[in-house]
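Take a look at the structure set out below.
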Amino acid sequence: MEGAHPMGELAPRDIVARVIDAELKRTGAECAYLDITHKGASFIRKRFPHIHKTCLSFGIDMTKEPIPVVPAAHYQCGGVRTDLNGETDIRRLFAIGESACTGLHGANRLASNSLLEALVFSNRAVARAAQAYVGKPRPRVRVPEWDPGNAQDSDEAVVVTHNWDEIRRLMWNYVGIVRSNKRLERALDRIELLKKEISEYYWNFKVTGDLLELRNICTVAELIVRSAIQRKESRGLHSTIDYPYLDEEHGRKDTLIRRTWF
């Protein structure tokens, strides 16, 4: 962290994460190390009992050796667009929480967003549903019986698990904490190939829950990449080395994409 921020290791976590990410990409290392051994064993056990216990379960004694660390993606901004009652543009379909884009957060997700979503939008969604739909006639929708056609039981389930893992890896490596035009284009090229592979698998074999989730993961990955490519600036969680500054003239707006599956 030397030279990256005046507060050093105590800098805001997004800055620390970007510096770690840049160092890992520069060196090819698998992790950085967090060293607190100078504080002494008794202090560490008393101040960080849970972390100490967890590290020991992985064979790491943080009182004597540094802890391997990597940045982690533990939240997401944006999601399914809703109105102020949590309702989507599909009637009777509501979205709340990290799956939704309700307007409560912008380019960064803050710690208080989850509380606002849980209390405010859950209440507004229930009130809207009760007022608009409860006790009212439901539309009659005829859903035909599922016809698998000539689809067979899969004997290549490894395709699903392999593609699942590949999407996760390419999103972390190419669309992670710090982005670039080159990495985003590489990610999009690979996602297009994966879409083709998944589509062929979908139409040749019987549908499973894992296969449907793989299609959903691929769709979300594509939307994230295309959104990132469109934004020619760095704002909040979207940090790119090709456009490191805010674009106040064009950037202060949401990115909205509609996509149907292949």
Side-chain angles (χ1 to χ4, degrees), residues 72-83 85-102 117 121-122 125-126 128-130 132-176 183-230 254-262:
H74 65 101
Y75 52 76
Q76 174 176 299
C77 273
V80 182
R81 193 178 192 184
T82 74
D83 62 17
N85 295 312
E87 189 167 15
T88 70
D89 56 3
I90 299 176
R91 292 183 70 246
R92 297 174 176 267
L93 178 63
F94 293 79
I96 299 173
E98 289 194 36
S99 65
C101 180
T102 59
E117 294 281 352
F121 272 87
S122 60
V126 168
R128 165 62 182 168
Y133 303 123
V134 175
K136 306 286 179 64
R138 301 182 65 178
R140 292 186 178 183
V141 179
R142 181 181 177 276
V143 180
E145 292 294 324
W146 178 257
D147 181 8
N150 297 321
Q152 304 295 318
D153 288 325
S154 172
D155 58 355
E156 298 179 342
V158 67
V159 173
V160 175
T161 56
H162 174 81
N163 286 348
W164 197 336
D165 184 60
E166 183 169 352
I167 291 173
R168 286 173 170 169
R169 288 181 180 274
L170 76 86
M171 290 299 288
W172 178 252
N173 291 328
Y174 294 157
V175 200
R183 289 197 288 265
L184 291 173
E185 292 294 344
R186 285 174 178 169
L188 187 59
D189 287 344
R190 186 55 194 142
I191 287 173
E192 290 296 335
L193 292 174
L194 285 166
K195 283 177 61 178
K196 182 179 179 181
E197 292 177 13
I198 296 168
S199 181
E200 290 176 353
Y201 190 93
Y202 178 84
W203 291 108
N204 289 328
F205 298 105
K206 290 184 178 178
V207 173
T208 65
D210 285 345
L211 176 57
L212 293 177
E213 186 163 2
L214 175 62
R215 292 200 339 152
N216 292 341
I217 289 172
C218 192
T219 299
V220 172
E222 181 192 7
L223 292 175
I224 291 174
V225 173
R226 291 192 183 278
S227 295
I229 289 174
Q230 287 182 24
D254 295 332
T255 301
L256 178 62
I257 295 181
R258 287 185 171 88
R259 176 76 69 239
T260 55
W261 231 85
F262 43 84

- [ ] Could you give me the CA-CA distance, side-chain angles and deciding distance for Glu87 and Thr82, then say whether side chain to side chain contact (heavy atoms under 4.5 Å, CB included) is met?
- [x] CA-CA 5 Å; Glu87 189 167 15; Thr82 74; 5.9 Å; no
Open item on the list: Taking CG in Asp83 as the centre, count heavy atoms belonging to other residues, nucleotides or ligands within less than 6.0 Å. Is the count above 12?
Closed with: yes
TODO: Supply the atom-to-atom distance Asp210 CG to Trp164 CH2, rounded to the nearest 0.5 angstrom.
DONE: 4.5 Å
TODO: Let me see the working for Arg81 and Thr102 under side chain to side chain contact (heavy atoms under 4.5 Å, CB included), right down to the final yes or no.
DONE: CA-CA 6 Å; Arg81 193 178 192 184; Thr102 59; over 6 Å; no
Task: Check: Ser227 side chain, Thr255 main-chain N or O, donor-acceptor pair, under 3.5 Å - done: no
TODO: Determine whether Leu194 and Glu166 make a side-chain contact, defined as any pair of heavy atoms from C-beta on separated by less than 4.5 Å.
DONE: yes
- [ ] Give a yes or no on whether Tyr174 atom OH has more than 12 heavy-atom contacts from other residues, nucleotides or ligands under 6.0 Å away.
- [x] no
Task: Gap separating the CG atom of Leu188 from the CD1 atom of Ile224, nearest 0.5 angstrom - done: 12.5 Å
- [ ] Kindly confirm or rule out a cation-pi arrangement of Arg128 over Phe94, judged by NZ or CZ under 6.0 Å from the six-membered ring centre and within 45° of its axis?
- [x] no
TODO: Answer yes or no: are there more than 12 heavy-atom neighbours, outside Arg92 itself, under 6.0 Å from its atom CZ?
DONE: yes
Task: Nearest-0.5 Å distance that lies between atom CD1 in Ile217 and atom CD1 in Ile191 - done: 11.5 Å
TODO: Please name the pair of heavy atoms, one in Val225 and one in Leu184, separated by the smallest distance, quoted to 0.1 Å.
DONE: CG1-O, 3.6 Å
Task: Which atom of Leu212 lies closest to which atom of Tyr202, heavy atoms considered - done: CD2-CE1, 4.1 Å
- [ ] Please determine which of Glu197, Glu222, Glu185 meets the salt bridge (charged side-chain N to carboxylate O under 4.0 Å, His left out) test together with Arg190.
- [x] Glu197
